[in-house]
Amino acid sequence: MALEGSFRLSNEEGASTLRAGTGTTVRAGGPPDASVTLPRAPDGLVPSGDPVYVREGTPVHLAWKATAVAHNLQVLPLDTEEPVLVRDVGQPPVDLPLSLLGTYRWRVTARDAQGFEGHPSMEGLICVVDR
């Protein structure tokens with residue numbers, strides 16, 4: 001998959017250029033498959049820029065718009081790109097229990113039937129409080 005830039009793929013069976021926003025499969029002993037367009041980033045996140053407040057351990061209701069049947073959901077602290085939670089989920093909505101106090105960002109990527117994953121969505125905000 002190439003989210004940004006482009007890549008040249010080659011082996012003794014053939015070659016292909018993978019451009020930004022596309023993906024391909026290379027099987028042993030064969031040329032690269034034709035490239036496919038990566039799934040579009042989900043949009044319409046709820047909650048989004050205005051955070052939702054939830055009590056510690058209470059599920060937060062997350063929703064988004066996407067045509068994919070599989071998604072990868074990430075919850076991240078405000079100050080780092082290292083997720084505190086990563087979960088493969090199906091279609092929205094998702095009720096996600098969180099037990100870590102603090103304010104977090106969340107985002108989701110769409111995954112197609114072949115396993116290709118596109119760009120992440122914009123980020124939403126979640127505040128987990130103790131009361």
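Just so it is clear, the model here is predicted, and its values are computed rather than measured.
- Pairing each heavy atom of Leu3 with each of Gly118, the nearest pair is CD2-C, 3.8 Å.
- The list of salt bridge (Lys or Arg N to Asp or Glu O under 4.0 Å) pairs with a residue in residues 81-92, not counting sequence neighbours, reads Glu81-Arg105, Glu81-Arg107, Asp88-Arg111.
- Annotation: the span from Leu85 atom CG to Trp106 atom CH2 amounts to 12.5 Å, rounded to 0.5 Å.
- Looking at residues two or more places apart in sequence or on another chain, you find a side-chain hydrogen bond (donor to acceptor under 3.5 Å, both in side chains) between Thr17 and Arg8.
- Under the salt bridge (Lys or Arg N to Asp or Glu O under 4.0 Å) criterion, no residue pair touches residues 40-65, with sequence neighbours excluded.
- In this structure, Thr22 contributes its side chain and Arg19 its backbone to a donor-acceptor pair below 3.5 Å.
- Sequence neighbours left out, the pairs with a member in residues 89-101 that pass side chain to side chain donor-acceptor pair (under 3.5 Å) are His61-Asp95.
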- Please test Asn72 against Val86 for side chain to side chain contact (heavy atoms under 4.5 Å, CB included), starting from the C-alpha separation and ending with a verdict. CA-CA 7 Å; Asn72 181 269; Val86 177; 3.5 Å; yes
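- Annotation for Leu45 and Gly124: closest pair CD2-N, 3.8 Å, computed over non-hydrogen atoms.
- No chain of hydrophobic side-chain contacts below 4.5 Å, direct or via other Ile, Leu, Val, Met, Phe, Trp or Tyr residues, connects Leu73 to Val46.
- When every heavy atom of Ala63 is checked against every heavy atom of Pro93, the shortest pair comes out as CB-CB, 4.2 Å.
- Contact between Gln114 and Val36 at its shortest, heavy atoms only, is OE1-CG2, 3.9 Å.
- Nearest approach of Pro47 to Val52, heavy atoms of both residues: CG-CG1, 3.3 Å.
- Atom CD of Gln74 is separated from atom CD of Glu123 by 9.0 Å, given to the nearest 0.5 angstrom.
- Side-chain heavy atoms closer than 4.5 Å link hydrophobic residues (I, L, V, M, F, W, Y) into clusters, and following such links, possibly through other members, connects Leu100 to Val54.
- Partners of Trp64 by side-chain hydrogen bond (donor to acceptor under 3.5 Å, both in side chains), not counting sequence neighbours, listed by chain and number: His71.
- Interatomic distance, Ile126 CD1 to Leu62 CG, rounded to the nearest 0.5 Å: 5.0 Å.
- Residue Leu125 shares its hydrophobic cluster (ILVMFWY side chains chained together at separations under 4.5 Å) with Leu78.
- Residues satisfying the side-chain hydrogen bond (donor to acceptor under 3.5 Å, both in side chains) test with Thr109, not counting sequence neighbours, are Glu117.
- Residues Leu96 and Val89 are not in side-chain contact: their nearest non-hydrogen atoms beyond the backbone lie 4.5 Å or more apart.
- In terms of the side-chain contact (heavy atoms from CB on, under 4.5 Å) criterion, residue partners of Thr25 (sequence neighbours excluded) are, by chain and number, Arg27, Asp33, Phe116.
- Listed here is the closest heavy atom pair of Gly57 and Pro97: O-CB, 4.1 Å.
- With Ser121 contributing its side chain and Val108 its backbone, the two residues share a donor-acceptor pair below 3.5 Å.
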